[in-house]
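A quick write-up on the structure given underneath.
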Protein chains: 2
Amino acid sequence: MAPSFTQLHPELAELLPGELHAFCTTGIHQRGERLFATGSKPVNMFFIRSGEVILERIGAHGGSAVLQRSRHGFVGEASLQSARYHCDGKVIATSEITQIPIAQVRTAMDADPVFASRWITMLNREVKRLRLQCERLSLCRVQDRLMHLLETEGKSGKYPLGSGLKSLASELGVTHEALYRCVSMMERDRTLMRDSGHLQLVHR
Amino acid sequence: MAPSFTQLHPELAELLPGELHAFCTTGIHQRGERLFATGSKPVNMFFIRSGEVILERIGAHGGSAVLQRSRHGFVGEASLQSARYHCDGKVIATSEITQIPIAQVRTAMDADPVFASRWITMLNREVKRLRLQCERLSLCRVQDRLMHLLETEGKSGKYPLGSGLKSLASELGVTHEALYRCVSMMERDRTLMRDSGHLQLVHR
DNA sequence: CGTACTTTTGAATCGCATCAAATCTGGTGG
DNA sequence: CCACCAGATTTGATGCGATTCAAAAGTACG
């Protein structure tokens with residue numbers, strides 16, 4: 001990871017007050033890298049410009065669950081006021097990621113009400129997205145979950161795949177075999193189209 | 001619903017700055033009442049002192065999904081900056097609920113950085129709870145979901161039931177039959193104890 | 001060209017949804 | 001007080017769909 005002084009992503013630049021920009025460092029992270037580990041003390045928060053990162057929790061029985069899969073936006077933003085991380089942050093595709101020191105963010109937020117308000121807006125969005133994800137996971141069949149995803153997260157049914165269907169499967173909480181079968185069945189039904197890196201829902 | 005001027009719940013009184021207290025009204029709501037409906041404009045947010053409320057989304061195909069089941073704390077807090085509700089708020093057990101006008105909250109938050117900071121703390125907690133719920137719903141078997149709930153939400157494995165197992169079932173995203181069977185099986189296994197209104201996980 | 005990973009297909013099994021029906025419960029009105 | 005009703009609880013039978021295990025083929029990358 002080589003920190004550089006690239007221009008901040010517009011979305012991030014707009015959210016963060018100017019005096020924080022200098023504290024941000026942007027770098028390339030490779031697949032397999034861990035941004036943070038369960039139990040460690042949060043120092044930075046992360047903003048994904050491109051690539052793919054998952055939040056993963058390792059259960060007592062060894063099994064792992066993906067809490068979130070993110071290809072753009074904040075990761076670990078809830079660590080703002082946490083003493084410890086409650087999950088792992090893992091890079092699963094080469095990613096361009098901006099690090100922002102938490103302490104500075106906290107200071108700036110206490111001083112700048114407008115910044116705090118924007119931050120609350122972002123958290124509200126996140127809460128809604130998570131509620132939708134819960135709704136999705138409460139669906140029984142794989143096809144229902146996939147269609148729910150395409151309808152709620154996609155743009156008019158079009159949804160960009162990150163690093164393949166396998167990672168999507170874990171986000172949907174199903175095995176990759178089940179998702180592969182579901183996709184190919186929907187393609188045969190002409191309910192779904194798959195072109196390079198995209199899923200497109202076909203309304204009929 | 002008869003608004004009264006009861007003392008605010010301590011948790012709420014601590015969160016809200018003093019000048020907002022006067023705008024809060026607390027009342028009793030009966031089962032079946034709707035606090036708000038999908039598509040309507042948010043005017044109040046709600047704090048549950050006791051009882052039980054669910055956030056429910058009605059799907060296009062008519063099926064319903066419970067986004068959240070709450071017996072204490074805020075409901076509809078993400079509506080702070082929303083133009084419309086994206087789900088229904090339904091009372092499913094006689095509840096004591098405090099209403100707080102959103103406009104006043106917004107005003108107070110812009111003026112009071114400490115209040116904004118406390119609000120962010122609350123939202124961060126909510127985000128974490130939702131991530132745990134997603135993790136839970138990504139588990140395959142009913143028993144795994146139930147144990148996950150008892151381990152993460154309960155106090156040393158003890159978890160209070162609200163209005164029965166049926167409502168718990170919908171929170172876990174399974175049919176009530178499956179949950180009933182799972183509970184009675186775990187009781188036979190001596191993995192779980194059920195006394196009046198409580199589930200207690202037995203570690204062995 | 002070999003290695004690691006994804007994608008794909010197959011077969012067997014298991015757990016849950018579904019449909020059905022009986023019992024139990026608390027609360028309401030006669 | 002009792003009959004009655006709505007909803008919760010419980011048990012049973014059946015079928016579907018996903019998991020699981022296995023294996024082969026495709027693909028990216030050093």
Side-chain angles (χ1 to χ4, degrees), chain A residues 28 30-33 51-52 54 59 61-66 69 90-94 136-148 161-189 192 194-199, chain B residues 28 30-33 51-52 54 59 61-66 69 90-94 136-148 161-189 192 194-199:
Chain A
I28 303 293
Q30 297 301 329
R31 172 198 176 79
E33 211 173 311
E52 193 164 350
I54 57 171
H61 38 289
S64 75
V66 175
R69 191 176 68 111
K90 223 160 101 182
V91 179
I92 63 166
T94 306
R136 190 175 306 136
L137 291 173
S138 76
L139 298 175
C140 182
R141 297 183 313 131
V142 173
Q143 180 171 344
D144 293 336
R145 291 192 191 180
L146 180 58
M147 288 181 63
H148 184 283
L161 276 74
S163 54
L165 285 182
K166 196 174 178 184
S167 113
L168 178 59
S170 71
E171 186 185 6
L172 291 176
V174 298
T175 60
H176 61 274
E177 294 99 324
L179 183 59
Y180 284 128
R181 278 188 258 260
C182 172
V183 167
S184 64
M185 198 189 65
M186 289 176 75
E187 279 182 316
R188 274 197 301 277
D189 288 353
L192 188 71
R194 181 168 31 157
D195 66 282
S196 61
H198 284 272
L199 288 183
Chain B
I28 303 293
Q30 298 300 330
R31 172 198 175 80
E33 210 173 312
E52 192 164 351
I54 57 172
H61 38 287
S64 76
V66 175
R69 192 176 66 110
K90 223 160 104 181
V91 179
I92 62 166
T94 306
R136 190 176 305 136
L137 292 173
S138 76
L139 297 175
C140 182
R141 296 184 314 131
V142 173
Q143 180 171 341
D144 293 337
R145 291 192 191 181
L146 180 58
M147 288 181 63
H148 184 282
L161 275 72
S163 54
L165 285 183
K166 197 175 178 184
S167 111
L168 179 58
S170 70
E171 188 184 6
L172 291 176
V174 298
T175 61
H176 61 274
E177 295 98 323
L179 183 59
Y180 284 128
R181 278 188 256 260
C182 172
V183 167
S184 64
M185 197 190 64
M186 289 177 74
E187 281 181 316
R188 273 198 302 278
D189 287 354
L192 188 71
R194 181 168 30 159
D195 66 282
S196 61
H198 283 272
L199 289 182

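So that the names make sense, note that chain A is the first sequence line, chain B the second, and so on, each numbered from 1. Source: prediction; values computed, not measured.
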Query raised in the report: If you look at every strand shown and take non-hydrogen atoms under 4.0 Å, does B/Arg145 touch a base, only sugar-phosphate, or nothing?
Result: nothing
Report task. Return the value, rounded to whole Å, for the distance between atom CG of B/Asp144 and atom C1' of C/dC16. Result -> 13 Å
Report task. List the steps and the verdict of side chain to side chain contact (heavy atoms under 4.5 Å, CB included) for A/Leu137 and A/Arg145. Result -> CA-CA 7 Å; A/Leu137 291 173; A/Arg145 291 192 191 180; 3.8 Å; yes
Query raised in the report: Within this structure, what is the CG-to-P distance between B/Leu168 and D/dT9, rounded to whole angstrom?
Result: 10 Å
Query raised in the report: Going by heavy atoms in the side chains, are B/Arg136 and B/Leu172 under 4.5 Å from each other?
Result: yes
Query raised in the report: Does the side chain of A/Glu171 reach to within under 4.5 Å of the side chain of A/Ser167, using non-hydrogen atoms?
Result: no
Expected rows: protein N/O vs nucleotides 24-30 of chain D N/O, under 3.5 Å:
none

**Report entry** Members of residues 173-183 of chain A that approach DNA chain D, where some heavy atom sits under 4.0 Å away
**Finding:** A/Gly173, A/Val174, A/Thr175, A/Glu177, A/Ala178, A/Arg181
Query - Steps toward side chain to side chain contact (heavy atoms under 4.5 Å, CB included) verdict (B/Val142, B/Arg181) - result: CA-CA 10 Å; B/Val142 173; B/Arg181 278 188 256 260; over 6 Å; no
Query raised in the report: So which nucleotide from C/dA17, C/dT7, D/dT10 ends up closest to the side chain of A/Cys140?
Result: C/dA17
Query - Passing candidate, side chain to side chain donor-acceptor pair (under 3.5 Å) with A/Glu52, options A/Arg69, A/Lys90, A/Arg31 - result: A/Arg69
Query raised in the report: How long is the gap from CG on B/Leu199 to CG on B/Leu161, to the nearest 0.5 Å?
Result: 4.5 Å
Query raised in the report: Does B/Arg31 make a side-chain N or O approach to OP1 or OP2 of D/dA8 shorter than 4.0 Å?
Result: yes
Query raised in the report: Among all residues two or more places apart in sequence or in another chain, which pass the salt bridge (Lys or Arg N to Asp or Glu O under 4.0 Å) test with B/Glu187?
Result: B/Arg194
Requested in this report: Assign each of A/Arg141 and B/Leu161 to its nearest nucleotide of DNA chain D by heavy atoms, then name whichever residue's nucleotide is nearer the 5' end.
Outcome: B/Leu161
Report task. May I have the distance from B/Ile92 (atom CD1) to D/dA8 (atom C1'), rounded to whole angstrom? Result -> 12 Å
